[in-house]
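Note sheet for the following structure.
In this chain, residues are counted from 1 in sequence order.
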Amino acid sequence: MSITSPPLGSSSGWTDARLLYALEEVVEKELNRHLKVTKDWMPHEYVPFSDARNFPGFFEDGEAWEKGQSKVTEVGRIALVVNLLTEDNLPSYHHEIATLFGREGAWGTWVHRWTAEEGRHGIVMRDYLLASRAVDPDKLEQFRMSHMSEGFESDNRHSMLHSIAYVAFQELATRISHRNTGHQSGDPVCDRMLARIATDENLHMVFYRNLLKAAFELAPDLTMQAVRDVVVDFRMPGHGIPGFERAAAQMAIGEVYNMRIHHDDVLQPVIRFLKVMEIDGLGPEGVKAQEELGLFLGGLDSEASKFDEKLAARKARMTARAAG
């Protein structure tokens, strides 16, 4: 049975099944491009195993963890735990996208390839954290058990189009979070490792961003509404991590990830590349979504400016105390 696509630009008749079928060729093209530009790498090559030593337990020479054993800064330690625990929920993420995108054809090939690449990130981060004694291993495992036991359900699991829009932004957000964590970690080895991970995340972002571009060409009104919904209600996938709110606040102050970074380095690059605010010929619902998106971005920019002022004042106070 053939599937007849609705007229370009039309919102009527587009279902997840039709969009999956219509985007299959784009997925295959982007998959082939991705496989040509990506480079396989070995997680063990980024881990300082020579720094490792036994922990207490079965080993008589085990040495208990202490914060002073690590080169990593406090904000670096907090961000590393959040980033790793986020990666740990990969089985749930795989289930989500495999359910939405399927396991057959180009979609299925991408789902499995993405999962395999993401798996490296959790491997190398955990090995680094344990070998370098950057975090308390007992607490890390307790957090992992708690977080993974809860599982993960995407806010956008109801819609394939919303899911594509979400991951286009989320993959870039993850890249920025990893990169800034490396910069703030105080350890060149950590910085190098997270730079390697960030390279993968950027390629994943490009895949989904280009897919989102194709969706705009097929169904601009529905895609605009999906982007509006995702941007307005955006949450990182690690929001269910124990103590996430406090950790997120510390990461914001430490300039790993905050409102200004979210607006300038995550939302705006994707929106500018796709020229989302310049798309015309939209229907009433598409125009409404575009206008609401613009208003939200303006409000977020204003809130980010207030945060910038508070952060600058905090830095000034800390500098004054240090000088006094």
Side-chain angles (χ1 to χ4, degrees), residues 37-91 93-94 113-148 171 173-204 237-238 241-244 247 250-251 253-257:
V37 298
T38 193
K39 294 181 180 179
D40 279 339
W41 54 279
M42 303 297 131
H44 54 267
E45 294 179 355
Y46 289 79
V47 178
F49 285 110
S50 61
D51 293 345
R53 49 200 185 276
N54 293 335
F55 289 102
F58 291 106
F59 298 101
E60 294 182 1
D61 62 344
E63 182 180 349
W65 180 84
E66 293 180 8
K67 188 178 292 187
Q69 295 168 346
S70 172
K71 303 173 185 176
V72 174
T73 62
E74 182 64 18
V75 69
R77 182 178 296 108
I78 292 166
L80 280 163
V81 170
V82 169
N83 292 350
L84 174 56
L85 292 176
T86 300
E87 299 284 359
D88 276 334
N89 249 342
L90 182 61
Y93 308 149
H94 174 84
R113 175 71 193 197
W114 175 87
T115 301
E117 291 184 7
E118 289 287 343
R120 284 191 183 124
H121 303 168
I123 291 169
V124 71
M125 289 178 68
R126 174 164 281 99
D127 286 351
Y128 166 80
L129 291 178
L130 296 179
S132 67
R133 292 187 168 240
V135 300
D136 183 334
D138 292 344
K139 287 186 177 179
L140 181 65
E141 178 60 11
Q142 290 161 7
F143 283 152
R144 187 191 70 83
M145 285 296 295
S146 175
H147 186 44
M148 290 193 69
E171 292 283 4
T174 305
R175 172 209 164 193
I176 295 297
S177 180
H178 282 310
R179 202 68 193 95
N180 288 344
T181 298
H183 292 327
Q184 301 292 344
S185 70
D187 181 8
V189 175
C190 180
D191 192 24
R192 174 174 169 266
M193 172 194 66
L194 292 177
R196 177 58 259 188
I197 293 174
T199 298
D200 281 359
E201 302 290 9
N202 193 64
L203 290 175
H204 297 165
I241 292 170
F244 179 78
Q250 291 169 304
M251 289 167 67
I253 294 171
E255 298 182 86
V256 171
Y257 202 95

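To the nearest 0.5 Å, atoms NE2 (H121) and CG (D200) are separated by 3.5 Å. Note that CZ of F143 is 12.5 Å distant from CG of D88, once rounded to the nearest 0.5 Å. Considering CD of E118 and CD of E171, their distance stands at 5.5 Å, rounded to 0.5 Å. Atom CD1 in I176 sits 11.0 Å away from atom NE2 in H178 (nearest 0.5 Å). Separating the CD atom in Q142 from the CE atom in M145 is a distance of 10.5 Å, to the nearest 0.5 Å. In this structure, OG1 in T86 is found 5.0 Å from OH in Y93, a value given to the nearest 0.5 Å.
Nearest heavy-atom pair, P137 versus L130, reported as atom, atom and distance to 0.1 Å: CB-CD2, 3.8 Å. Scanning both residues, A64 and Q69, for their nearest heavy atoms gives O-NE2, 3.0 Å. Taking every heavy atom of both residues into account, S132 and P48 meet most closely at CB-CG, 4.4 Å. In this structure, A131 and V47 approach most closely via the heavy-atom pair CB-CG1, 3.8 Å. For the residue pair N83 and M125, the shortest heavy atom distance occurs at CB-CE, 3.6 Å. Taking every heavy atom of both residues into account, A134 and V72 meet most closely at CB-CG2, 3.9 Å.
Listed by chain and residue number, R113, R120 satisfy the side chain to side chain donor-acceptor pair (under 3.5 Å) test with D40 (two or more places apart in sequence, or in another chain). Residues forming a side chain to side chain donor-acceptor pair (under 3.5 Å) with D136 (at least two apart in sequence, or on another chain): none. In this view, E255 and Q184, N258, L311, K315 satisfy the side chain to side chain contact (heavy atoms under 4.5 Å, CB included) rule, not counting sequence neighbours. In terms of the ring pair (Phe, Tyr, Trp, His ring centres under 6.0 Å) criterion, residue partners of H94 (sequence neighbours excluded) are, by chain and number, H112. In this structure A79 satisfies the side chain to side chain contact (heavy atoms under 4.5 Å, CB included) test together with T181, M251, V256, sequence neighbours excluded.
Contact check on E87 versus R126 returns no salt bridge, with no Lys/Arg side-chain nitrogen under 4.0 Å from an Asp/Glu carboxylate oxygen.
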field: Verdict with supporting geometry, Y128 and D51, side-chain contact (heavy atoms from CB on, under 4.5 Å)
entry: CA-CA 10 Å; Y128 166 80; D51 293 345; over 6 Å; no

task: Walk me through it: do L84 and L140 pass the test side-chain contact (heavy atoms from CB on, under 4.5 Å)?
output: CA-CA 9 Å; L84 174 56; L140 181 65; 4.0 Å; yes

message: Please determine whether side chain to side chain donor-acceptor pair (under 3.5 Å) holds for the pair H147 and N89, giving the CA-CA distance in whole Å, both sets of side-chain angles, and the decisive distance to 0.1 Å.
response: CA-CA 8 Å; H147 186 44; N89 249 342; 3.1 Å; yes

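Between I197 and Y46, the closest side-chain pair of non-hydrogen atoms is not below 4.5 Å. Side-chain contact between L80 and C190 is present, with at least one heavy-atom pair separated by less than 4.5 Å. Side-chain contact between Y257 and N180: absent, with no pair of heavy atoms (C-beta onward) separated by less than 4.5 Å.
Between the W65 side chain and the R133 main chain, a donor and an acceptor come within less than 3.5 Å of each other. A donor-acceptor pair is defined here as one N or O able to donate and one able to accept, closer than 3.5 Å; no such pair exists between the side chain of R179 and the backbone of L194. Not one N or O on the side chain of E201 forms a donor-acceptor pair closer than 3.5 Å with the backbone of A173.
Note on residues 55-64: pairs passing salt bridge (Lys or Arg N to Asp or Glu O under 4.0 Å), not counting sequence neighbours, are R53-E63.
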